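Reviewing the structure listed below.
Since this is a predicted model, take the numbers as computed values, not measurements.
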Amino acid sequence: TGHLAGIGMLTTRGHALETLAKVSDAVFDKTGTLTHGDMRLLQTLPLGALPEAEALALARGMEAHAHHPIARAFAAAEHASAPAPALDEVSYQAGCGLQAQVAGQTWRLGKPDYVAALAGPLPAALAGWRDDATVVALGSAHGWAAAFAIGDALRDDAGALIASLRRHGVRCHILSGDAPGAVAAVAAKLGVDSAEGSLLPEDKLARVAAWQAAGRRVLMLGDGVNDAPVLARADVSVAMGGGADVARMSGDMVLVNDQLQRLDDAVLLARRTLSVIRQNLWWAAGYNLVALPLAISGHLTPWLASLGMACSSLLVVSNALRLVRRGCTCRPRASPPDNLIHLNRMQNMKRMFNPLAAAALALTLSACASWWGPSGPTLLQGQVRLNGTPPGEVVAVEVRLIDRGEPRMPVTLAEQTLVHPRSLPVTFSLPVIDARRLPANGVYVLEARLYDSQGERARTQEDVRWRPGDQQAVELLLTAKPR
């Protein structure tokens with residue numbers, strides 16, 4: 001996610017990167033997503049007695065209450081000089097248009113079908129008019145007033161994005177609320193797999209739900225209020241950074257700089273990340289399947305096992321570093337100056353060095369800890385022979401290993417109590433913890449005590465020439481006095 005943020009893709013939800021790697025279909029809105037959203041008024045068609053200037057002023061006033069890119073086209077109209085009339089009860093219906101009261105009269109501005117519900121059947125002049133643009137109609141209960149042709153320009157990198165995604169096996173679709181003719185013209189230029197226009201938000205939801213029901217993983221890219229429900233429904237969604245607030249809140253990722261090619265870079269990076277994760281998981285599983293049985297059986301010493309674990313971690317980190325080195329192919333529009341290139345190289349080297357240095361430090365500390373730190377138990381094994389005591393009278397035999405390096409403060413290194421031994425001689429096994437830290441020339445005493453039903457019956461001690469770390473067998477003799 002840090003690398004994605006560096007190329008302008010902010011991740012807001014944890015599942016986004018993993019799901020992005022499994023995407024099979026990409027759905028795009030048209031206006032403001034594949035196009036710049038810098039809408040321009042191309043032509044006005046009068047359809048009634050209302051003068052063109054007054055119709056444009058009324059449309060501009062109504063669109064001032066909307067947040068769609070089309071509203072900016074009316075605001076930027078050069079020949080809109082008449083003042084906007086006073087509006088009351090302005091309401092917006094998603095995917096359709098606006099409705100307002102002007103001097104007690106209801107007016108609608110939006111899709112021709114939406115206006116036709118109020119103004120009556122479509123006029124013949126609108127049939128086939130400006131199929132290459134988005135047509136916005138204006139009308140009231142008294143009839144049609146005007147129609148406006150709104151146009152937009154494609155983003156420079158839209159074609160490259162579609163071609164790259166299709167090359168990587170991702171099907172591309174356009175679902176838009178704009179006129180079918182305008183959507184078809186954009187689809188023909190980009191070469192998408194399918195395109196539909198005049199869709200309401202619920203229609204887009206139905207298309208995405210149908211693809212998901214067929215087992216596809218859907219990516220949605222949009223920018224407007226109308227796209228918010230689809231952004232929330234898609235498996236993974238990307239909102240344009242310059243889009244509506246509700247769209248950015250609904251998206252799993254945000255394309256900050258509005259450069260569409262970064263979306264393709266993010267898909268490739270997500271797929272490489274998922275591949276590296278799988279490689280590391282397979283390596284970790286294989287290493288543990290081999291190393292753990294060897295360590296449990298004693299064929300691997302503790303320090304060697306910890307060293308192998310540190311090397312395994314270093315290998316996993318080094319494999320993950322390939323994502324930093326080969327992560328995303330950024331495509332600057334102009335060549336940066338030499339000093340900036342040098343600075344970028346130094347920053348990349350620093351990003352690579354920091355994880356390597358941390359891994360090397362962890363490896364060194366692990367090796368030191370395995371050498372000087374606590375070690376596993378060293379076994380001191382032997383037998384205790386009993387003299388003068390029938391086995392049935394033996395309640396317990398206690399064996400201790402004592403360090404008498406300090407005569408005033410003897411230290412018990414290990415002890416074992418064998419209760420009701422079934423056979424004689426009694427075999428014991430003392431696990432001496434951290435034996436490597438004991439001095440090799442220390443004074444060690446092995447003590448054995450015999451207990452019967454009345455208490456301690458016999459005790460014996462024997463000096464042991466035992467070097468810590470050695471596996472050694474010792475034999476003791478306990479002679480019990482008759483009571």
Side-chain angles (χ1 to χ4, degrees), residues 1-21 23 26-39 67-69 71-72 152-165 168 170 172 174-176 190 218-274 323-336 340-341 343-344 347-348 351:
T1 56
H3 199 167
L4 287 174
I7 65 174
M9 292 282 294
L10 296 182
T11 305
T12 60
R13 291 177 176 85
H15 75 280
L17 186 63
E18 181 180 359
T19 310
L20 191 62
V23 163
V27 178
F28 300 90
D29 179 44
K30 183 182 80 70
T31 303
T33 303
L34 294 175
T35 64
H36 286 282
D38 188 16
M39 310 293 285
H67 300 283
H68 196 274
R72 295 192 287 269
D152 195 4
L154 279 174
R155 295 183 185 270
D156 297 336
D157 50 357
L161 170 64
I162 299 298
S164 183
L165 288 177
H168 297 139
V170 179
C172 298
I174 297 179
L175 299 181
S176 175
L190 298 179
V218 180
L219 160 70
M220 174 65 189
L221 181 65
D223 72 309
V225 176
N226 300 339
D227 302 322
V230 192
L231 289 171
R233 175 61 189 264
D235 295 289
V236 59
S237 55
V238 180
M240 302 294 286
D245 293 339
V246 66
R248 291 197 297 268
M249 293 176 60
S250 302
D252 301 319
M253 309 177 77
V254 178
L255 187 59
V256 178
N257 51 20
D258 288 353
Q259 295 182 13
L260 295 180
Q261 193 60 43
R262 295 294 177 256
L263 179 61
D264 180 56
D265 295 337
V267 172
L268 294 181
L269 180 58
R271 290 183 176 180
R272 277 197 291 266
T273 301
L274 196 60
L323 295 173
V324 179
R325 186 168 61 253
R326 298 175 47 204
C328 179
T329 55
C330 297
R331 305 172 178 84
R333 296 183 179 180
S335 299
L340 183 57
I341 293 177
L343 178 60
N344 289 337
Q347 291 176 346
N348 291 334
R351 284 197 299 266

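Among V218, L231, L20, V267, the one residue that satisfies the side chain to side chain contact (heavy atoms under 4.5 Å, CB included) test with V236 is L20. Checking each of L175, L219, L161, V238 against F28 for a side chain to side chain contact (heavy atoms under 4.5 Å, CB included) leaves exactly one that passes, namely L161. Test V256, N257, D29, L260 against M240 for side chain to side chain contact (heavy atoms under 4.5 Å, CB included) and you get one pass: L260.
Residues A247 and A239 approach most closely at O-CB, 3.3 Å, considering heavy atoms. For the residue pair C172 and L165, the shortest heavy atom distance occurs at SG-CB, 3.9 Å. The two residues V23 and V170 have their closest heavy-atom pair at O-CG2, 3.9 Å. The two residues T33 and G222 make their nearest non-hydrogen contact at OG1-CA, 3.6 Å. The two residues A228 and V246 come nearest to each other via the heavy atoms CB-CG2, 4.0 Å. Counting all heavy atoms, side chain and backbone alike, A244 lies closest to G224 at CB-C, 4.3 Å.
No donor-acceptor distance shorter than 3.5 angstrom exists from the side chain of S250 to the backbone of A232, with no hydrogens or angles considered. Checking side-chain atoms of T12 against main-chain N and O of M249 turns up no donor-acceptor pair under 3.5 Å. Formation of a donor-acceptor pair under 3.5 Å by the T19 side chain with backbone atoms of A16 is not found in this model.
Among residues at least two apart or in separate chains, salt bridge (Lys or Arg N to Asp or Glu O under 4.0 Å) pairs with a member in residues 218-242 are K204-D227. Pairs passing the salt bridge (Lys or Arg N to Asp or Glu O under 4.0 Å) check and including a residue from residues 239-257, sequence neighbours excluded, read R13-D252, D245-R248.
Expressed to the nearest 0.5 Å, how far OG of S164 lies from CG of D265 amounts to 8.0 Å. The CG atom of D264 sits 13.0 Å away from atom CD of Q259, with the distance rounded to the nearest 0.5 Å.
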* To do: Mind running side-chain contact (heavy atoms from CB on, under 4.5 Å) on L255 and M9 for me, showing each step along the way?
  => CA-CA 5 Å; L255 187 59; M9 292 282 294; 3.1 Å; yes
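Contact of the L263 side chain with the M253 side chain is not registered, since no non-hydrogen atoms from C-beta on lie closer than 4.5 Å. Using a 4.5 Å cut-off on side-chain heavy atoms (C-beta onward), L190 and L34 make contact.
Residues passing the salt bridge (charged side-chain N to carboxylate O under 4.0 Å, His left out) test with R155, sequence neighbours excluded: none.
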